[in-house]
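First up is the structure itself, then whatever we jot down about it.
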Amino acid sequence: MKYGYFDDQNREYVITQPDTPLPWINYLGCQAYFGIISNTAGGYSFYRDARLRRITRYRYNNAPFDFGGRYIYLRDEVSGGFWSPSWQPTRRKLEHYSCRHGMGYTTIASHHDGIEASTRYFVPLDENLEIWQLTVTNHRPQAADLSAFSIAEFCLWDAQDDSTNFQRNFNIGEVEIENGVIYHKTEYRERRDHFAFFACSEKIAGFDTQRDVFLGPYRGWDNPAAVERGQSSNSVAHGWAPIGSHHVKLSLKPGESRQIIFLLGYQENPRDQKFDPPDSQILNKKAAKCVLAKYLVAANADAAFEKLRAYWDELLGLCQVETPDVHTNRMVNVWNAYQCMATFNMSRSASFYESGIGRGLGFRDSNQDLLGFVHMVPGRARERILDLSATQLPSGGAYHQYQPLTKRGNNDVGSGFNDDPHWLIVGVAAYLKETGDWSILDEPVPYDNAPGSETPLYEHLQRSFRYTLDRLGPHGLPLIGRADWNDCLNLNCFSDTPGQSFQTTTNKDGKVAESVFIAGLFVLAGRELAEIARHRGLTAEASGYLAEVAKMEATVRQHGWDGEWFVRAYDDFGRKVGSKENAEGKIFIETQGFCTLAGIGLEDGLAVRALESTRKMLATKHGIVLQQPAYSRYYLELGEISSYPPGYKENAGIFCHNNPWVIIGETRVGNGDGAHDYYSRINPSAREDISEVHRCEPYVYAQMIAGRDAPTHGEAKNSWLTGTAAWNYYAITQWILGIRTGYDGLLIAPVIPAAWRGFKATRKFRGVTYRIEVERAGRGNQVSLEVDGAPIQGNLVPLPPPGTKTVAVKATLR
Ligand code: BGC
Ligand code: NOJ
């Protein structure tokens, strides 16, 4: 069953009924001002940091699930009836409801009783504000007298504090109202130099800023007293819960349309110019008034919207494909790339499953996310790499996360995850291949942000690699530390106390438990580092890395191979995890995927065997589960992984993040059919027809789909902010379609389904547009290339002479 459809031409997903199985959301903003918006206009906004600079309030885990947002109420002044054109919060019946989620904007439109209302929500580029453009049209045969009410509930900035510290919070709320503009200035009197504003383009009939006056006693957002009465109270918030609400009266002739623009924005003032007059406590509104004057004008708002469209045209235009599969096309061309930008902007901080107060930017996560967005915003990727590496510890290890506003690493979710440092190498390698900007390696970067500790970035990579060599376990495999990629495989935790964090609790000295996954990652990262060293002319160093890689591969063969698949780990007792010797958790996806993608066992058939075992034991029609059999009880020595009921999350859920590792593994053994089949099983667009089962948005990946042990097998959860976005994008574009960035040029190595006759692609790479045509002449993956009409040897398209704008590549597969 579907709840909407893809409008591929407009790059929109159109939701046609408001009661989707779960809120289906979108993101507004792409630089500093951000918002989340659901298909019923639920959600909230923040500036840079979802925790520390929350602009509007949101209550998670609400009932209904999604409640509170950028709401508008319309009221018929004659009948007194009122409704929400975005369905929530009144949930009155609507005709012709549609929600168009597009690239950085959402338009929600509906009809009710002959009145059409359409609101376009977006954040203009380079501005710290959001625009709600409401157009109301009267389709009645007679005139309509209407009232419109806007509503935004302000958060008192620190979202964590806002939802807990009420003995203080109920006293500090402050606003100013001037010319119909509502300014939220809580804590501005003391150390804050920022405030929010909420404005309206039309003359207002009234306003409210105290929530409980607007709602009335014992009422909720579904029937505010002000709306029911048809008149605001001009309330001024002192303490309690400041809100912004405008009341606009509209008289529309039959057929007439009117537009009302609401602006919600964030403004910072220089410390010494906070007040106007300077010795007063009154906000200096000068800068805010300038932006208000601009965007309250419809033509300017429209122009800003067109600029946003053009921005996304350009970003998405960097890689466009035309394959025989519509789901591949729309994910690569639009939605998967778009989701990669969301993970770049948000990391794992703010979605409908990440509360915006829990997590900052993850070290591991942000490095992997680079794989998906580096081609779109290389400059910002560079900055991200430098920020991330500046939080690295002198040992080469890493804090697990940092806060984007301060850019400082913190221990809130622990450190000592022994896979972390290698992702920096993977991320930097992706950046170098995409951009050829070798200068980044010479950038001085501190450790733990300590001034004076700077070394060139290159040394950070050296220390990352060394980190593992300094931490090898009894079998010569990398010690796992707190955990590796699987945050829930906590082999040194041994927690028997409820409420303890699995991520920060350690009860073992960590000298025994080893990770075969990190071994695979080490092999991949080591090869990249060797290439990088070679490029810097450090041939002896490069050979040193390759020797360590070879040694690790041999160790994996000796201690990490279980007969038919790769072992997952060794626990604190030195026993295998992910082996035929185990009753539960015999086989894990991570090592089958990562070892094969890293190229381990390609020559001697181990890779093929591991992938066969994966197919036999882990693959389901909804994707590949994490391990089998699922853990049926809590194992002290394994940690959080066994805390989940079978089939969910890391306990045998389908973790969509690691499915592409197997997909890439399949391409490495030349199995294009298998790779694309796995790709399609979790492709959200390909699952659109079973939206009642999948339940999450059909246009973006979710972190997890319930595995076969779960009663809800096939149900997705935790959409949007997941490494799944980058890895699937990388797998389909660089490994299945095989348009692969290399240090010295673009590689063309497609491993596509046998039934595909070929495909076309346009890829901008280092300033040159490559027009690529792949044609199948046989069933295999052997490539012969013509570049600008001339045959060349091998499958590397060398970099063209400077000044070249386009290169035509013709690849024939045999
Ligand atoms: C989740 C993991 C996540 C970790 C983050 C765990 O509860 O299951 O997916 O990586 O929290 O700290
Ligand atoms: C989600 C986390 O963000 C990521 O870092 C981790 O690798 C996966 N969960 C698996 O545990």
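Whatever order the structure lists them in is the order used to number ligands and atoms, beginning at 1.
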Next on the checklist: Pairs of nitrogen or oxygen atoms closer than 3.5 Å, one from W485 and one from ligand 2: do any exist?
Outcome noted: yes
Legend entry - Charged N-O contact under 4.0 Å between K586 and D562: no
Under 30°, 30 to 60°, or over 60°: which ring-plane class applies to F46 and Y44, parallel, tilted or perpendicular? tilted
Between F352 and Y58, does the ring centroid distance fall short of 6.0 Å? yes
To the nearest 0.5 Å, atom CD of Q160 lies from atom CZ of R54 at 10.0 Å
Exercise. Please confirm whether H400 and F417 have ring centers closer than 6.0 angstrom.
Key: yes
Near Q703 (heavy-atom distance under 4.0 Å), the atoms of ligand 2 are 1 (C), 9 (N)
Give a yes or no on whether a salt bridge exists between E564 and K580, defined as a side-chain N under 4.0 angstrom from a carboxylate O.
no
Short version for Y644: what comes under 4.0 Å of ligand 1, heavy atoms counted, is side chain
Filtering D487, T504, N718, N486 for the heavy atom nearest atom 3 (C) of ligand 1 leaves D487
For atom 5 (O) of ligand 2, the closest protein heavy atom turns out to be D365 OD1, 2.6 Å
- Task: Please confirm whether H657 comes within less than 3.5 Å of ligand 2 when only nitrogen or oxygen atoms on both sides are compared.
- Result: no
The protein heavy atom nearest to atom 11 (O) of ligand 2 is E650 OE2, 2.5 Å
Atoms of ligand 1 under 4.0 Å from any heavy atom of K649, numbered from 1 in the order shown, are 1 (C), 2 (C), 8 (O), 9 (O)
Check: Is the shortest distance from a heavy atom of R348 to ligand 1 less than 4.0 Å?
Finding: no
